[in-house]
Amino acid sequence: MANSDTSVLFVCLGNICRSPTAEAVFREKIKNSHFSVDIDSAGTMGHHAGVTPDERAKAVGEMRGYNFKGIKSRRVVFEDFERFEYILAMDKENLRHLLEMCPAEHQHKVSLFMHFADSDVEEVPDPYYGGKRGFEYVLDLIELACEGLLVKLAPRFEVR
Ligand code: 4NP
């Protein structure tokens with residue numbers, strides 16, 4: 001985060017559907033701001049390491065103008081807890097895994113991503129075994145939470 005204003009890691013299970021989508025959406029939103037943010041995504045499971053995002057997530061995201069170029073799945077590593085200021089889990093299961101892995105001094109960085117959304121929905125559900133509509137719903141939630149995250153971060157940069 002040395003040259004960035006802040007840093008955000010989005011985390012789901014496989015890092016091929018939800019968290020790469022959140023990475024692509026937040027990159028786009030940050031592009032239109034004057035902030036510099038270190039943005040990445042990762043999964044709590046390593047099965048898809050090195051793989052590009054799920055074609056269904058990509059198709060739905062690209063339809064709304066998001067760019068998935070360069071994103072490849074990776075597992076959460078211990079150094080992530082040092083590197084990132086915000087570590088945002090897509091659901092409670094991944095939140096629990098992150099908190100189990102995370103050293104005590106960094107636990108405050110870990111939270112549910114939907115906590116930032118103006119919504120009663122608490123989790124971004126796993127769309128992997130569902131259809132296209134599930135991916136569209138996931139994208140709706142991710143857009144909402146990314147907007148909320150940006151609103152939350154904005155005052156910090158305005159007082160620099
Ligand atoms: P993600 O979705 O956690 O949003 O990337 C999943 C991707 C793969 C699997 C489950 C969820 N899987 O079981 O392989």
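Hydrogens, waters and symmetry mates are skipped; everything else that's a heavy atom, side chains included, is used. In each ligand, atom 1 is the first atom listed, and ligand 1 is the first ligand listed. Numbering starts at 1 and runs along the sequence shown.
- Looking at R18 and D54, no side-chain N of the basic residue comes within less than 4.0 Å of a carboxylate O on the acidic one, giving no salt bridge.
- Shown here are the ring-ring contact (aromatic ring centres under 6.0 Å, His included) partners of F113, two or more places apart in sequence or in another chain: F10.
- At a heavy-atom cutoff of 4.0 Å, ligand 1 is surrounded by C12, L13, G14, N15, I16, C17, R18, M45, H48, D126, Y128, Y129.
- More than 12 heavy atoms of other residues, nucleotides or ligands sit less than 6.0 Å from atom NZ of K29.
- Side-chain atoms of T6 and E85 include a donor-acceptor pair closer than 3.5 Å.
- Between the side chains of E143 and Y66, at least one donor N or O sits under 3.5 Å from an acceptor N or O.
- Salt bridge status for K92 with E122: present, with a side-chain N to carboxylate O gap under 4.0 Å.
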